[in-house]
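Here's the structure we're looking at; comments come further down.
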Amino acid sequence: MAESTTAFTVDPARLGGVTEQPLFQAAGRVAERMGVRAFAIGGYVRDLLLARPCKDIDIVCEGDGIAYAEAVAKELGAGHVHVFKNFGTAMFTLRQAQDPGEVQVEFVGARKESYQRNSRKPEVVPGTLRDDQERRDFTINALAISLNAEDRGQLIDPFNGVQDLERGVIRTPLDADITFSDDPLRMMRAIRFATQLGYLIEAPTFEAIRRNAERLDIISAERIHTELNKIIAAPVPSTGFKLLLNSGLLVRFFPEMVDLLGAEEKFGIGHKDNFYHTIQVLDNVAERSEDLWLRWAAVLHDIAKPRTKRFEPGRGWTFHGHEDKGARMVPGIFRRMKLPLDEKMRYVQNLVALHLRPIALTKEEVTDSAVRRLLFDAGDDIDGLMILCKADITSKNEAKKKRYLANYEVVLQKLKEVEEKDRVRNFQPPITGQDIMAAFNIPPCKAIGDIKTVIKDAILDGRIHNDRAAAWPLMVEEGKKLGLKVVPGMEKSEA
Ligand code: ATP
Ligand code: MG
């Protein structure tokens, strides 16, 4: 197996003293009183060993998890306990002095599970710690720490999870086909952990994902996009997309992206593979921004290339209009994946629609007015757009790449100058429809929109300043051209 590239080191010394904390002390005392055994388990233990920040703590007990949770909360004087009867779980929020200040503690009774073929809903029966560890998804997620008097602080690692943490390996505790068939979401989780941690998925586990990929169809869109978003938010998201592609999972929920794959050739002329280009752009954006929606814009920026692709004699491969068609595809993709259909989606759409503009600008000389129009169209999305645009420069031709990057800097500089001078980033028309109606004493009508457009264009073209004093005479002049009469005394803006 190849060396892993994980950025984390495993340090069992981090276990030392962890059970001293008040939560685990209280959990131990209550367990003893109730005559049950209890353990910290799962992601919390994994992240403790990796020194990753802890978000939530899971505690499992061999007994009634809800009753146990309520007793521990009482012992600690913690607040309200939320009980999820259907799942047999209970949780409360614990405030602590040390970082991160507040943690969710979730309790569950140890259980065995058996699954029906067509749903994720398992039949649950009480079990031992060992049963519970076996139904966990990966060896690195099946680690437990005893909270009990006789062996408090001891790590219980029946599947060599610590070794897998050290080697950087994702592997299921039991037969991978059963683990994935029981709950196909685990296939997404495998790829998510491999991407977040920079781990490798062990061959038998990966082959089982390939064999069971179709089973992902029973998983809800929300659960899938939760994992996908974690992949996109990872430091090197391309890793995850390659695994999603090669495992056969990607096509189950994101066929448009799979369509980007491949480089056709005609008469010896090829085009770049837009799948690998897209994930390269995504990595480039990820280096410069944590913003999930900017990263989504990278994922989708060329999504319409397959649908706009043509071979034009004399010109080679073209993708005319892929930015507009791509922007129009965004709502359908977001709706199907149950992603938010709000301003986040509109942001992604806007970036997809505009992603060619900054570099296209440089094809001719970069004029103030072209820059002003870009600022006007992008508004507050301009900063994200410029990051996306730079990330999109992936040419293998070094000379071309250098030229594009130089052009990019010119546009960036010009943007700064123009914005300082003209403030068109959040353009507010200096003259409103109300002003126009009052100046000519007219009701709402088409002329008002026409006059506003003339004023906006004059400002964006740099013919007049972006202020009322400069715009008023233009309004008067345009009104007259349309046969309107100015109300006496309103020839000047101060009137
Ligand atoms: P993160 O919190 O970073 O998303 P996690 O591994 O802690 O990762 P959680 O959803 O918090 O994930 O789950 C906590 C633990 O519950 C996991 O570590 C694992 O042991 C178990 N678990 C969660 N989801 C599954 C699943 N679908 N199948 C099996 N075990 C699971
Ligand atoms: Mg967790």
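All ligand and atom numbering here is 1-based and tracks the order in the structure.
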Candidate with minimal heavy-atom separation from [atom], of [options]:
atom                    : options               : result
atom 13 (O) of ligand 1 : Arg186, Arg189, Arg52 : Arg189
atom 11 (O) of ligand 1 : Asp56, Leu143, Val60  : Asp56
atom 31 (C) of ligand 1 : Asp137, Asp58, Ile41  : Asp137

Show me which atoms of ligand 1 lie under 4.0 Å from any heavy atom of [X].
X      : value
Phe193 : 6 (O), 8 (O)
Gly42  : 18 (O), 20 (O)
Arg135 : 29 (C), 30 (N)
Arg192 : 1 (P), 3 (O), 4 (O), 8 (O)

Salt bridge check, [Y] against [X]: does any charged N sit closer than 4.0 Å to a carboxylate O?
X      : Y      : result
Lys305 : Glu323 : no
Arg52  : Asp47  : yes
Asp342 : Arg346 : no

- With sequence neighbours left out, which residue pairs that include part of residues 62-75 fulfil the side-chain hydrogen bond (donor to acceptor under 3.5 Å, both in side chains) condition? Arg29-Glu75, Arg33-Glu75, Arg37-Glu62
- Message: Are there over 12 heavy-atom neighbours, none belonging to Glu214, within less than 6.0 Å of that residue's CD?
- Response: no
- Item | Cut-off under 2.8 Å, centre the Mg ion (ligand 2), protein N/O/S atoms | Asp56 OD1
